[in-house]
Amino acid sequence: MNYKISKRAASLAPSLTLAIDSKAKQMKAEGMDVVGFGAGEPDFDTPQHIKDAAIKALNDGFTKYTPSSGIPELRQAIADKFKRENGLTYKPGQIIVSCGGKHSCYNVILATCEEGDEVIIPSPYWLSYPEMVKLAGATPVIVATTDRSEFKITPEQLRAAITPRTRLFILNSPSNPTGTVYSPAEIKTLGDICVEKGVLIMSDEIYEHLLYDGAEHKSVASLSQAHYDHTIVVHGFAKAWSMTGWRLGFLAAPEPIARAIDAVQSHSTSNPTSFAQKGAVAALTGPQDHLKGWLVDYARRRTRAWQMLSAMPGVTCVNSKGAFYLFPNISGTGLKSSEFCARLLEQEKVAAVPGIAFGADDYLRISYATSLANIEKGLDRMDKFVRGLKK
Ligand SMILES: *Cc1c(COP(=O)(O)O)cnc(C)c1O
């Protein structure tokens with residue numbers, strides 16, 4: 001059979017992070033002692049009170065369709081969160097609950113972009129953004145940054161990339177894969193340019209709560225009415241509440257955009273899982289104490305991983321300020337990222353994600369959402385690998 005695959009689907013690259021992760025898992029299943037730095041998810045369990053709320057919802061028979069964009073109670077809890085933590089005022093109707101932060105991003109891009117539109121994405125980028133833009137028929141415009149600017153797009157770069165076709169600018173701070181956090185002043189400068197040029201901003205703030213060294217998160221939407229009018233904030237429960245498998249994300253948008261996304265979602269996935277939404281209400285309205293302990297652990301792991309990476313010959317590493325990733329530069333080893341990662345996995349049984357997946361071939365992504373013992377074991381092995389190359 002000669003199956004016809006649509007141009008849209010055929011243009012996509014499969015997710016390399018998921019591919020590395022499954023190769024590492026397969027090697028583990030075969031009994032190999034693999035250390036994984038590939039995970040894009042917390043290694044902590046979902047807090048018990050959140051699970052209890054979902055279990056109760058199930059037992060209470062809360063197992064049917066809900067409104068497509070989420071239950072009113074959850075949309076209200078999300079609006080309250082934006083008010084309390086970000087100083088942002090949204091009506092529940094401006095909030096859409098989706099099947100993950102990834103789904104929220106896709107909804108935004110699908111509802112705002114089409115053929116002929118350009119979307120500015122700074123690299124290194126979260127690998128799904130360009131593929132989502134292509135699925136919408138629009139064109140990703142990649143603006144490369146390096147460790148010399150801490151992986152931050154400069155105002156000059158943003159201005160130079162904007163054309164009359166620019167529809168959307170994707171901002172992700174704290175960043176996956178680099179851990180970069182833009183300062184409030186930097187956020188304002190980039191936001192001002194978008195407002196001046198009439199470009200919408202999709203601000204992916206899913207790592208908002210994971211900050212180190214006194215870094216501060218500022219939502220671009222909160223800077224002024226004009227910034228608010230130009231911004232769609234994307235968020236989710238995966239990272240700060242460790243709910244990756246629950247598939248729950250949310251977004252807040254100006255009303256016409258929220259209405260369009262509501263229509264898209266109502267004809268594609270419909271509502272996110274009913275009882276998971278009850279768990280999410282507990283996540284937002286219940287105690288947040290878990291986060292303090294997690295942040296202490298992440299900070300300790302980050303410091304150790306950064307020290308070990310920085311001591312490797314041919315490797316340099318900017319210390320990140322947020323999320324749970326480091327993005328070391330390996331150009332001094334003479335290898336590009338795919339070969340580096342393939343050989344590292346083969347020879348030393350250490351899984352890291354090649355930077356090329358994020359548009360940056362001289363780097364690797366190391367996730368420190370794993371125990372200190374794993375970090376020390378895995379980075380010792382990587383140190384040995386790198387020293388072996390030098391001979
Ligand atoms: C993890 C992540 C998301 C959302 O993930 P979901 O599991 O779909 O909620 C969104 N953006 C970035 C940058 C992420 O790393």
Side-chain angles (χ1 to χ4, degrees), residues 15-18 20-21 37-44 46 50 70 74 78 81 95-110 119 121-133 135 140 145 151-153 168-182 201-211 217 219-220 231-252 261 265 268-269 272-273 276-277 279-280 283-284 294 298 320-327 353 355 357-360 365-369:
S15 170
L16 202 54
T17 47
L18 296 182
I20 298 269
D21 204 42
F37 293 122
E41 62 182 346
D43 57 322
F44 303 110
T46 309
I50 300 175
L74 179 53
I78 292 167
K81 171 254 174 293
I95 309 280
I96 311 276
V97 188
S98 304
C99 310
K102 186 179 274 187
H103 184 215
S104 298
C105 292
Y106 186 52
N107 278 338
V108 171
I109 292 168
L110 209 61
V119 178
I121 307 173
S123 80
Y125 45 73
W126 188 42
L127 73 181
S128 294
Y129 298 142
E131 307 306 313
M132 290 174 177
V133 170
L135 268 176
T145 74
F151 305 106
K152 289 172 182 171
I153 185 173
L168 197 64
F169 168 54
I170 299 185
L171 180 63
N172 173 216
S173 176
S175 150
N176 177 4
T178 63
T180 291
V181 181
Y182 288 83
I201 304 165
M202 183 175 91
S203 182
D204 183 343
E205 303 183 9
I206 194 153
Y207 292 101
E208 160 184 37
H209 298 99
L210 306 185
L211 298 168
H217 171 80
S219 177
V220 64
T231 303
I232 304 126
V233 181
V234 171
H235 212 308
F237 294 95
K239 308 295 159 48
W241 294 273
S242 196
M243 293 168 67
T244 46
W246 293 58
R247 309 312 305 135
L248 277 180
F250 56 91
L251 62 86
I261 292 173
Q265 183 159 304
S268 46
T269 59
T273 304
Q277 292 186 64
L284 286 177
W294 293 1
Y298 282 144
S320 64
K321 295 262 192 314
F324 39 64
Y325 309 105
L326 287 167
F327 207 63
V353 187
F358 313 99
R365 191 187 74 176
I366 299 284
S367 162
Y368 51 85

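Atoms within a ligand are numbered from 1 in the order they appear, just like the ligands themselves.
Near Ala238, with a cut-off below 4.0 Å to any heavy atom, the atoms of ligand 1 are 7 (O), 9 (O). Using a 4.0 Å cut-off to heavy atoms of Gly100, the atoms of ligand 1 that qualify are 8 (O), 9 (O). For ligand 1, the atoms closer than 4.0 angstrom to any heavy atom of Gly101 are 4 (C), 6 (P), 8 (O), 9 (O).
One finds the CH2 atom of Trp294 at 12.5 Å from the NZ atom of Lys239 (value rounded to the nearest 0.5 Å). Between the CH2 atom in Trp126 and the CG atom in Asn172 there is a gap of 8.5 Å [rounded to 0.5 Å]. In this structure, Asn107 CG and Met202 CE are separated by 10.5 Å, a value rounded to the nearest 0.5 Å. Atom CZ of Phe358 and atom CZ of Phe151 lie 11.5 Å apart (nearest 0.5 Å). One distance of note links OG of Ser104 with CG of Leu248; it measures 9.5 Å at 0.5 Å rounding. A distance of 9.5 Å separates CG of Leu74 from CD1 of Ile95, quoted to the nearest 0.5 Å.
In the candidate list Tyr106, Tyr207, Phe250, Tyr129, Tyr207 is nearest to atom 15 (O) of ligand 1, counting heavy atoms. Closest to atom 7 (O) of ligand 1 by heavy atom, among Met243, Arg247, Glu205, Lys102, is Arg247.
If you check which protein heavy atom lies closest to atom 2 (C) of ligand 1, you get Lys239 NZ, 2.4 Å. Nearest protein heavy-atom contact of atom 4 (C) of ligand 1 is Ile206 CD1, 3.4 Å.
Residue contacts with ligand 1, taken as heavy atom pairs separated by less than 4.0 Å, do not involve Val234 at all.
Residue Asn176 has at least one N or O atom closer than 3.5 Å to an N or O atom of ligand 1. Residue Asp204 has at least one N or O atom closer than 3.5 Å to an N or O atom of ligand 1.
Between Phe250 and His235, the ring planes lie parallel to each other; the angle is under 30°, not in the 30° to 60° tilted range.
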